[in-house]
Amino acid sequence: MATLQDYRNERLRKLETLRQLGVEPYPAKSERTHTCAEVLSKYDELAGKEVVVAGRVASIRSFGKLAFIKLRDQSGDVQLYLQRDDVAELDAARGVLGMKQLKLLDTGDFIEAKGVMTTTQTGEKSVGVRELRLLTKSLRPMPEKLENKEERLRRRYVDMNVNPEVRERFIRRSKFWQATRDYLNSHGFIEINVPVLEHTTGGADANPFVTHMDALGDQQFYLRISHELPLKRLIGAGFEKVYDLGPRFRNENYSDEHLPEHIAMEWYAAYWDWKQGMRFMESMYKDVLQKTFGTLQFQLGKFNVDMSGEWEVWDYAEVIRKHYGIDVYNTTIEEVAAKLKEYNLEVEKTDSIPRSIDKLWKNIRKDVAGPVWLVNTPKFISPLSKTNPENPETVERFQPVIAGSELGNGFSELNDPIDQLNRFLEQQQMRDAGDEEAMMLDIDYVEMLEYGMPPACGWGYSERVFWIFEGVTAREGVPFPQLKSEIDETTRAIYPQVNL
């Protein structure tokens, strides 16, 4: 049975033959005039006219004087119809191949075909080829199937060729973020990119990645875990509606809903509070999801989710009391730990009351279809949010719960510098006690608040929103997920000249 190396060696021989003929197998330019989809959709207009199409060879059938090639580009497939008397002879200087050189082509090669639109005897709309050019000689055959998950994730460029629905997923992902930008831009927000490298990272409970910058005397930097604090500095600088969209990094375990590197967006609006933010985001969710998926009704695993109506609103403490009989404002770590054990939830030595209660909430959340707004979060769980004057033990925070997941986070932002400093100090004490996910003390941010920041509402969501509504895991939801570096034995054998 032929191996990958056998197929590759055969294609290398064809490559050498092409070069001996004087054909450049990797030219720099194509003269394509139409996509495959265009020549079919505009057939009535193009029939009998010359077109130039280009793409990858999906299949070749040769019958002596006749040949049929299925050509594939991003838009779809079209048939190339070749008759020996109509196809130009070899013109190596121009990279044109004749019928005799078809045997040097393989599936996976990229070619360009110039010809007229015609219909074959079987009624298939085709390009009647007059000139055939090689654009790229493929050295490896594309597999017909690719079902091994590890292989698919490692070689996504193969996965997307074999499973075109995967490529379509990332077109929708692009639409999701474009719709996000469009909605914000249309409502007066300004996109401003903030740094990825930070001396002090904050805005979330997460363990950061650490790096160093040689240009600043090998000073330690962190990859951002959030866009929050730099964007709020911009609110303090006089901007009233700002957002950033880009990667953030959280040095934590993989899960079906989390990747250490992922794309996220955060916006901040001066003179808004959390209730304005909730109304804004209900509308934004509907707009973005409709533009991305073309519907607001979803079957997401076991959940039937309708995003077209009004959202329910749940009070955090009431939900915990209803399910566990715990008063979150008057409890002990022992009482909460006992409930964790009762419900077979993980108990760790570093667990505090806030983290333990959060685990209890997540046990409820996993069965919520939504959409639901979770509000009145306890202050000890949200150190960067503004206190709710109607209930000083809570903060003005709003979180969407959809299909068992939290798909965003919003706050009335804390702008009292003294209050903020005290909360930072509490977080720093937790960090010093061994909690690597507690927030760092950012004294520069406190100083910004002392100059004054107006009342503001902030919101953030990550591409987890897309993954959930797309119905895929985190790794399936990004084009190139991080994996352990591994080099297989076939690769080592193919490249013996490289020290792998």
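Side chain of Asn148 to backbone of Glu150: a donor-acceptor contact under 3.5 angstrom is found. Within the 3.5 Å criterion, the main-chain N or O of Pro260 finds no donor-acceptor partner in the side chain of Tyr254. A distance-only check finds no donor-acceptor pair linking the side chain of Asn363 to the backbone of Lys359 [under 3.5 Å]. Distance alone, capped at 3.5 Å, is enough to place a donor-acceptor pair between the Ser412 side chain and the Trp274 backbone. A donor-acceptor distance shorter than 3.5 angstrom exists from the side chain of Arg224 to the backbone of Val194, with no hydrogens or angles considered. Distance alone, capped at 3.5 Å, is enough to place a donor-acceptor pair between the Arg167 side chain and the Met160 backbone.
For the pair Arg156 and Asp159, the salt-bridge criterion is met [side-chain N within less than 4.0 Å of a carboxylate O]. A salt bridge does not link Lys386 with Asp419: none of the charged nitrogens is closer than 4.0 Å to a carboxylate oxygen. Salt-bridge formation is detected for the pair Arg233/Asp442: a Lys NZ or Arg NE/NH1/NH2 atom is positioned less than 4.0 Å from an Asp or Glu carboxylate oxygen.
Taken from OH in Tyr324 to CD in Glu342, the straight-line distance is 9.5 Å, to the nearest 0.5 Å. Expressed to the nearest 0.5 Å, how far CG of Asp77 lies from CZ of Arg56 amounts to 12.0 Å. In this structure, CD1 on Ile192 lies 14.0 Å from NZ on Lys241, to the nearest 0.5 angstrom. With rounding to the nearest 0.5 Å, the separation of CG in Asn388 from CD in Glu390 is 5.0 Å. Between atom OH of residue Tyr243 and atom CD of residue Glu266 there is a gap of 13.5 Å, rounded to the nearest 0.5 Å. Separation of atoms CH2 (Trp459) and CG (Leu184) is listed at 11.5 Å; rounding is to 0.5 Å.
Using a 4.5 Å heavy-atom threshold, the side chains of Leu421 and Ile443 count as touching. The side-chain heavy atoms of Thr200 and Leu441, taken from C-beta on, include no pair separated by under 4.5 Å. With contacts defined as side-chain heavy-atom distances shorter than 4.5 Å, the pair Leu234/Tyr268 does not qualify. Side-chain contact between Ile402 and Met307: present, with at least one pair of heavy atoms (C-beta onward) separated by less than 4.5 Å. Looking at Pro389 and Glu396, their side chains come closer than 4.5 Å, going by heavy atoms from C-beta outward. Between Arg140 and Tyr7 the shortest side-chain heavy-atom distance does not fall below 4.5 Å. Within the 4.5 Å cutoff, the side chain of Leu223 has heavy atoms near those of the Leu197 side chain. Taking 4.5 Å as the limit, some side-chain heavy atom of Glu476 sits within range of a side-chain heavy atom of Lys149.
Remark: Glu406 engages Arg365 in a salt bridge (charged side-chain N to carboxylate O under 4.0 Å, His left out) (not counting sequence neighbours).
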Yes or no on salt bridge (Lys or Arg N to Asp or Glu O under 4.0 Å) for Asp73 and Arg32, after CA distance, side-chain angles and deciding distance? CA-CA 11 Å; Asp73 65 12; Arg32 181 170 75 167; 3.3 Å; yes
Set out, in order, the CA-CA distance, both residues' side-chain angles and the distance that settles side chain to side chain contact (heavy atoms under 4.5 Å, CB included) for Phe469 and Leu300, then state yes or no. CA-CA 7 Å; Phe469 282 96; Leu300 306 176; 4.0 Å; yes
Side chain to side chain contact (heavy atoms under 4.5 Å, CB included) evaluation trace for Tyr271 with Gln276: CA-CA 10 Å; Tyr271 312 113; Gln276 288 169 287; over 6 Å; no
Apply side chain to side chain contact (heavy atoms under 4.5 Å, CB included) to the pair Ile320 and Ile364, showing each step before the final yes or no. CA-CA 8 Å; Ile320 297 295; Ile364 299 169; 4.1 Å; yes
For Asp182 and Gln178, what are the C-alpha separation, side-chain angles and deciding distance, and is it a side chain to side chain donor-acceptor pair (under 3.5 Å)? CA-CA 6 Å; Asp182 290 345; Gln178 187 58 53; 2.9 Å; yes
Could you walk me through whether Thr201 and Glu198 pass side chain to side chain donor-acceptor pair (under 3.5 Å), step by step? CA-CA 6 Å; Thr201 192; Glu198 301 178 318; 2.9 Å; yes
Dump the intermediate steps for salt bridge (Lys or Arg N to Asp or Glu O under 4.0 Å) on Arg155 and Asp488, then the final yes or no. CA-CA 12 Å; Arg155 293 183 172 87; Asp488 58 57; 3.2 Å; yes
Check the pair Glu151 / Arg154 against salt bridge (Lys or Arg N to Asp or Glu O under 4.0 Å), numbers first and verdict last. CA-CA 5 Å; Glu151 183 73 6; Arg154 286 192 179 279; over 6 Å; no
Quick one: do Lys291 and Tyr183 satisfy side chain to side chain contact (heavy atoms under 4.5 Å, CB included)? Show the steps, please. CA-CA 11 Å; Lys291 289 178 178 175; Tyr183 192 85; 5.7 Å; no
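Ring to ring, Tyr461 and Phe176 are close: their centroids are under 6.0 angstrom apart. Note: Phe298 and Phe293 meet the aromatic proximity criterion, with ring centroids under 6.0 Å apart. Phe398 and Trp311 have their aromatic ring centers separated by at least 6.0 angstrom. Remark: aromatic rings of Trp267 and Phe280 are close, center separation under 6.0 Å. Under the 6.0 Å cut-off for aromatic ring centres, His199 and Phe221 qualify, their centroids lying closer than that.
In this structure, a donor-acceptor pair under 3.5 Å is absent between the side chains of Glu426 and Asn422. Residues Arg11 and Ser138 have side chains that bring a donor and an acceptor to within less than 3.5 angstrom of each other. A donor-acceptor contact closer than 3.5 angstrom links the side chains of Asp432 and Gln428.
Among all heavy-atom pairs drawn from Leu483 and Arg475, the shortest one is CD2-NH1, 3.3 Å. When every heavy atom of Ile353 is checked against every heavy atom of Thr331, the shortest pair comes out as CD1-O, 3.9 Å. The heavy-atom pair separating Ser405 from Ile468 by the smallest distance is OG-CD1, 3.6 Å. Here the closest heavy-atom approach between residue Thr377 and residue Gln399 is recorded as OG1-OE1, 3.7 Å. Between Gly309 and Lys286, the shortest heavy-atom distance links the atoms O-NZ, 3.4 Å. The nearest pair of heavy atoms linking Cys457 to Gly277 is SG-CA, 3.9 Å.
Classification of the Tyr285-Trp373 ring pair by plane angle, with boundaries at 30° and 60°, yields perpendicular.
Residue Gln220 places its CD atom among more than 12 non-hydrogen atoms of other residues, nucleotides or ligands, all under 6.0 Å distant. For Asn253, the CG atom sits in a loose shell: 12 or fewer heavy atoms of surrounding residues, nucleotides or ligands are nearer than 6.0 Å.
Partner of His262 under the side-chain contact (heavy atoms from CB on, under 4.5 Å) criterion, out of Arg464, Arg248, Glu257: Arg248 alone. With Tyr316 as the partner, the side-chain contact (heavy atoms from CB on, under 4.5 Å) test is satisfied by one option alone out of Val395, Val375, Thr394, Ile381: Ile381.
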